[in-house]
Amino acid sequence: MNWNPIYVLVKKIPRGRVMTYGQLAKALRLPGGARTAGRAMAASPSDQGVPWHRVVGAGGRLLIREPYASLQRKLLESEGLALAEKRILDFRNYEWNPSEGRRRGVVKKEKRG
DNA sequence: CATCTGACGACCG
DNA sequence: GCGGTCGCCAGAT
């Protein structure tokens, strides 16, 4: 199969969490950087369970264009993420790092006022 | 071969 | 915080 390491890593992103193209590139030391990750994602197979919607631009920006943009928004919202027009709100709380592995790493608790 | 176009990211104003 | 620009690299025309 096309076990592109990018897809392997993307598959590990937990539900309700996201990673950026740049993070993927950095984690896998992809030559060409984030664009390479983006190119791979654009060609991600739809029948291999790759949660492509969990990959977003730096800062939690939503970069995908229609018609997939709508689908991505829908999927992310269904996983509990709050979205603004062009980005994920409180992106920092959802960003996932492969090192977290099975660590809790869940949402950082907000300071109570 | 020249040029344009991206599922990008860092910078700058 | 937002839009514009530049650097990067592979594919398409």
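In what follows, every chain begins at residue 1, and chains take the letters A, B, ... in the order their sequences are listed.
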Practice item. Verify side chain to side chain contact (heavy atoms under 4.5 Å, CB included) between A:Ile6 and A:Val50, making sure each step is shown before the conclusion. Key: CA-CA 10 Å; A:Ile6 296 179; A:Val50 178; over 6 Å; no
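Rounded to whole angstrom, the span from the CZ atom of A:Phe91 across to the C1' atom of B:dG9 amounts to 13 Å. Rounded to whole Å, the distance from CD on A:Gln23 to P on B:dA10 is 11 Å. Counting to the nearest Å, the C1' atom of B:dA7 and the CE atom of A:Met19 are 15 Å from each other.
For residues 28-71 of chain A, the set of pairs meeting the ring-ring contact (aromatic ring centres under 6.0 Å, His included) definition, not counting sequence neighbours, comprises A:Trp52-A:Tyr68. Residue pairs satisfying the salt bridge (Lys or Arg N to Asp or Glu O under 4.0 Å) criterion with at least one member in residues 54-76 of chain A, sequence neighbours excluded, are listed as follows: A:Arg54-A:Glu79. The ring-ring contact (aromatic ring centres under 6.0 Å, His included) contacts involving residues 10-41 of chain A comprise nothing, where partners must be two or more places apart or lie in separate chains. Residues in residues 24-51 of chain A take part in no ring-ring contact (aromatic ring centres under 6.0 Å, His included) pair, two or more places apart or across chains.
Contacts with DNA chain C (heavy atom under 4.0 Å) in residues 61-69 of chain A: none are found. Remark: A:Trp52, A:Gly57, A:Ala58 in residues 49-58 of chain A come within less than 4.0 Å of DNA chain B through at least one heavy atom.
Shown here are the side chain to side chain contact (heavy atoms under 4.5 Å, CB included) partners of A:Ala27, two or more places apart in sequence or in another chain: A:Leu9, A:Pro98. With sequence neighbours left out, A:Ala84 forms a side chain to side chain contact (heavy atoms under 4.5 Å, CB included) with A:Arg87, A:Leu89.
For C:dT5 and B:dC4, the P atoms lie 15 Å apart once the distance is rounded to whole Å.
Atom-to-atom distance recorded for A:Leu75:CG and A:Leu81:CG is 11.0 Å, nearest 0.5 angstrom. From A:Arg15, atom CZ reaches atom CG of A:Leu76 across 10.5 Å, with rounding to the nearest 0.5 Å.
Within the 4.5 Å cutoff, the side chain of A:Leu63 has no heavy atoms near those of the A:Val56 side chain.
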Please tabulate, one pair per line, each protein N/O and nucleotide N/O from nucleotides 1-9 of chain C that are separated by under 3.5 Å, including the distance.
{"from": "C:dG3", "atom 1": "OP2", "to": "A:Lys86", "atom 2": "NZ", "distance (Å)": "2.4"}

